[in-house]
Visitor: 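I'd like to ask you about the structure that follows.
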Amino acid sequence: MMGIGAGLLVQLVVALMAVIVAVVVPALWRARLGGPLCVLVSAAGCVTGVLAMSGELGGLVVPLALPVDALQFSPDRLGGLFMVVVSGVGVLVSLYGMGSVRGPGASRTSWAALPVFLVGMQLVSASADTLSFLLAWEVMTLASTVLLLANHSNRATVASATIWYSVMSQLSFFFILAGFAVLAAVSGSTGFAAMATVPPGSWEASVAFVLLILGFAGKAELVPLHVWVPKMLPEAPSHVAAAMSGAMVKIGVYGALVVCVRLLPGGPPWWGVLVMILGGVSALYGILQASVSSNLKVLLAYSTTENMGLAFLGVGASMLLRSYAAVPAADAALLASLLLVVSHAAFKTTLFLGAGAVDHATGEMDLDRLGGLGRRLPLTAATFGVASLGAAALPITSGFVAEWMLLQALIHGSRIEGNVVSVAASVAMPMAVAVVALTAGLALLTFVKGYGIAFLARPRSAAASSAQEVPPAMHVSLVAGALSVVVLGLLPGPLAAVIASCVGPDIVPHVRSVGLAGVELPGIGVLLDPVTFLLLTVLVAVPVMVAVVVSARRHRPRRSALPWGGGGSRARPRMQYTATSYAEPLVRVFDDVLKPSRDVQVTHVGESRYLVERVEVEQRVSDVFESRLYRPVLNVAQRFGVLARQAQNGSIHRYLGYSFIAFLTVLIVVSF
Amino acid sequence: MVALVQVVLFVAVAPVLVGVIRQVKARLEGRAGAGIWQPWRDLRKLLRKDPVRAQDSSWMLRAGPVALLVSSLVLCVLLPLVGTLPVPLIPSDLFVIVAVMLVGVVALALVGLDAGTAFGGMGSSRHMTVAALVEPTLLLSVYALSVPAGSSTLALIVQTRLFSPAIIISPVSLLALVALSIAVMAETGRLPVDNPSTHLEVTMLHEAMVLEASGRDLAWLELGSWLKLAALLGLLSNLMVPWGVLTDFSLPGVAFGVVTVVVKVLLLGVVLSVGETFLAKVRLFRVPELLAGSFTLAFLAVTASYLVA
């Protein structure tokens, strides 16, 4: 009984120590002492989470002087799972952070805010009532804002990014607060247990559901509340960006799961459809923006929107199918989105850390100016490559298993034993399959572009050609991250069983381990065994490899500057395809959605109309939601601001006049 | 066992298939043609040469072609070509097969980027764009075919069609087959999406990516692509005409299955080459329209299979 409470206490105390150390200790020792303490916080979180996942009860009750209920931190199994996920990311991120001892990521504020951020995320997943949930939520949000601001003195754009982030996160906080308030008013208590008694068919429940899902979607970077993501993540220090994209967005999914699974299970079908639409639109829009982006971190940030969109799509499909009693498929969909969450934590953290390593080595995030890094940063390239495979959902990584399960759930969802469950499901499921398929295809292009342009070919700038491999402390977390991507993908059976036990006892019989750690879903009759699959592939590859070796011995490869050079003898590195040109066909195909602005300037030689001296092409793809949804609102607000400024011009006479008018109005109102 | 037969058979047949396609095309265009064994002779020639590699190229130029070849070989193992007998623990699951195919697609695209020329990058970019846009059609059309079988395992789908042939000529199945054929043409780089027999900048996808490869690198790339074409044509032909496919293991059955699948694939190859002779490549930016059309067909097929059947 004491385990979880003690664990949480350890997390809090060590985090406090880390904050004190960060403030007191001189700069040289900050990373060396603060880093291990942050690792310790995360490790303790992992242990507590595993205890909670194993079904142990208990926790921490913090009485307050205020006239409200005491704060309760006692994670259930699902909370335990998310605590393990965010803590696991925390370990990698803290280790990586120790490697960067200079710069804004190593400032006093930064090292003080990191443990607070980590412990805030852990506490959200441990909360058992609304008050503690919201409190931990705000701690997490504020700490992340502080972390973001670490770089403010060097870059002007940080301030504006932070403002966007603060406003958007307060907006989603407002939605969550309002949603919980509705539920609390109906149930008469702020505890989650009491709230679960609210009947899901009532209109209050629907209002609360919509508000809560919108709020959590904001934290999970879903459209249309995602506009802070592409602004903020590129500005944050890399390990902070990894923590946000790898761990914090999961808290958004956790919140949505708390609502859909714990508080309001069994809602009407349109709830599921709403969540599916939210997820589907986010997935498509996110990956489309990612595929045309040429900044590596922006690309990764948008791809997070895509992955979380898919996770929400899975949750929505599961709700829809459950409302039509297609239980095995519904469970598979839920399981798939949780697998996606776990695997995303692994590969996205690695990708962001890898991008951080590229940044550290070259100081350049623009793909158009990178290239040839595979030769100069071999370990970074390898780990980034493995994580890219995960993000592109290719076998044998964890991303593939998750997407496979999602697709299986979707295509088996519309029928139970040969009978069509409903018209809505038989239109929604094919749509969802199409969305997932297009998303997967575009993700492939995105990560081929990201990896191929940055790590293959020839360097496109001086910074890229003089890159040096990063310090070993960074390698440790990169390698650990890449390994976890592969291991999670090779052992889906045990992983799925553990996740199923965290969701609930009903789902457990629908998952089975089969073969060599493969996974089987007997309810819908599908199985996947990656290890056997890998063995088969190796078997097939052996003759090919023998042929290669034999041939390599007889025919030595020859090196030449460029064999054919694309037909030209002096093909210079800047003639290569860049990230922008790589995505150009796609920009054209999706012209109507992306609305790119293109500017072509041709300078002619002297007086000639035919000889061209130089051509400048500028293409900008802005976020449609920012320019079409938020800008108009901001413009209206600005106009009112200007009007208000005219009313408040600082003249004392005018204020006296206002008081006089107010006084008169009051008198008139009172006299009636 | 059957899987082994399939792999060996398709490695032998794939170059011949390409040879047949080229020969038929040549005859139809009034040329003499190089004979159906020319692809085999090309492979032998390539394997005897020293590969020439760009100085800045990385391990990708060596590993990519092998990855493409292995992915195509795994396709030949898993697809129901000669027979529908499953490999234990590895069903011919649609999504697994598509993922295996995509590994090859990615390997080829990375090889195209690796040499560091504009040409390879261009091919790679176009190739990936087409691959991304094809995927919804590919998945949805097989999804439509999977509805009567109640499973996404391709072997079971072929078996269901073998045992109840009425399914094959149902409108749903026809729609799905048309959509699938377009997707396969796009996926294997045939007309009207890509022209496999030109080396002009405006027309090519595949050839641009393999331009910098030579020697055995090129041999693996070519063989891998041919195998993929043969395997996908084999799948298409078994979905259209499932007769002759082996469902219970027996030696005469294997022999019969081998003969029928070879005949079916070669016939489909002839049809393909005749079709290609009368077809012009569409502009690259019209390809999405073509794919959107095939996607619509596939989507109609899926919804119809639920609501009509």
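Sequence lines set the chain letters: A, B, ... in the order given, protein chains first and strands last, and positions in each chain run from 1. Computed from a predicted structure; not experimentally measured.
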Visitor: Just by distance, with hydrogens left out, do Ser124(B) and Tyr577(A) show a side-chain donor and acceptor under 3.5 Å apart?
Guide: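 Short answer, no.
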Visitor: With salt bridge (charged side-chain N to carboxylate O under 4.0 Å, His left out) as the rule and sequence neighbours excluded, what pairs involving residues 540-552 of chain A come up?
Guide: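 Counting only pairs at least two positions apart or across chains, no salt bridge (charged side-chain N to carboxylate O under 4.0 Å, His left out) contact touches residues 540-552 of chain A.
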Visitor: Please confirm whether the backbone N or O of Ser57(B) pairs with a side-chain atom of Arg458(A), one donor and one acceptor, at under 3.5 Å?
Guide: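 Pair absent, no side-chain N/O of Arg458(A) close to backbone of Ser57(B).
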Visitor: Heavy-atom distance under 4.5 Å to chain A: side chain of Asp114(B), backbone, both or neither?
Guide: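 For Asp114(B), the contact with chain A is made by backbone and side chain together.
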Visitor: Let me know if Ala443(A) has heavy atoms under 4.5 Å from chain B in its side chain, its backbone, both or neither.
Guide: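 Looking at Ala443(A), nothing touches chain B.
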Visitor: Out of Trp59(B), Phe299(B), Tyr143(B), return the one with the most heavy atom pairs under 4.5 angstrom to chain A.
Guide: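 Among the listed options, the one with the most contacts to chain A is Tyr143(B).
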Visitor: Quick one: do the Ser152(B) and Gln408(A) side chains pair a donor with an acceptor below 3.5 Å?
Guide: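 Yes, Gln408(A) and Ser152(B) have a side-chain donor paired with an acceptor closer than 3.5 Å.
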Visitor: Which region of Ile411(A), side chain (C-beta onward) or backbone (N, CA, C, O), has a non-hydrogen atom less than 4.5 Å from a non-hydrogen atom of chain B, or is it both or neither?
Guide: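 Contact with chain B is through both the backbone and side chain of Ile411(A).
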Visitor: In terms of heavy-atom pairs under 4.5 Å with chain A, which of Ala131(B), Gly150(B), Ala109(B), Pro91(B) leads?
Guide: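 When all of Ala131(B), Gly150(B), Ala109(B), Pro91(B) are compared, Pro91(B) has the most.
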Visitor: Taking the side chain as every heavy atom from C-beta outward, state whether Phe533(A) and Val100(B) have any pair of such atoms under 4.5 Å apart.
Guide: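 Phe533(A) reaches Val100(B) side chain to side chain.
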Visitor: Given the options Asp93(B), Leu47(B), Val302(B), Leu69(B), which has more heavy-atom pairs under 4.5 Å with chain A than any of the others?
Guide: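 Winner by heavy-atom pair count: Asp93(B).
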Visitor: Write out, in numerical order, the residues from residues 290-298 of chain B with a heavy atom short of 4.5 Å from a heavy atom in chain A.
Guide: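 Heavy-atom contacts from residues 290-298 of chain B to chain A are Phe295(B).
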Visitor: What part of Phe95(B) is in contact with chain A, defined as an atom under 4.5 angstrom from a non-hydrogen atom: side chain, backbone, both or neither?
Guide: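 Both the backbone and the side chain of Phe95(B) come within 4.5 Å of chain A.
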Visitor: Does any heavy atom of chain A fall under 4.5 Å from the side chain of Val147(B), the backbone, both, or neither of them?
Guide: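 Looking at Val147(B), backbone and side chain both touch chain A.
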Visitor: Between Glu135(B) (side chain) and Gly441(A) (backbone), is there a donor-acceptor pair under 3.5 Å?
Guide: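 Yes; at least one donor-acceptor contact below 3.5 Å.
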Visitor: Need one label for Val77(B): side chain, backbone, both or neither, based on atoms under 4.5 Å from any heavy atom in chain A.
Guide: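 When you check distances to chain A, only side chain atoms of Val77(B) fall under 4.5 Å.
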Visitor: What part of Ile524(A) lies closer than 4.5 angstrom to a heavy atom of chain B: side chain, backbone, both or neither?
Guide: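 Answer is neither: Ile524(A) stays 4.5 Å or more from chain B.
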Visitor: Before giving the answer on side-chain contact (heavy atoms from CB on, under 4.5 Å), spell out for Val433(A) and Leu140(B) the whole-Å C-alpha distance, their side-chain angles and the decisive distance to 0.1 Å.
Guide: CA-CA 7 Å; Val433(A) 170; Leu140(B) 272 189; 4.0 Å; yes
Visitor: Scan side-chain atoms only and decide if Ser58(B) and Arg375(A) contain a donor-acceptor pair under the 3.5 Å cut-off.
Guide: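 Side-chain D/A pair, Ser58(B) to Arg375(A): absent.
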Visitor: For chain A, find which of Val96(B), Leu4(B), Leu78(B) contributes the most heavy-atom pairs closer than 4.5 angstrom.
Guide: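 The answer is Val96(B).
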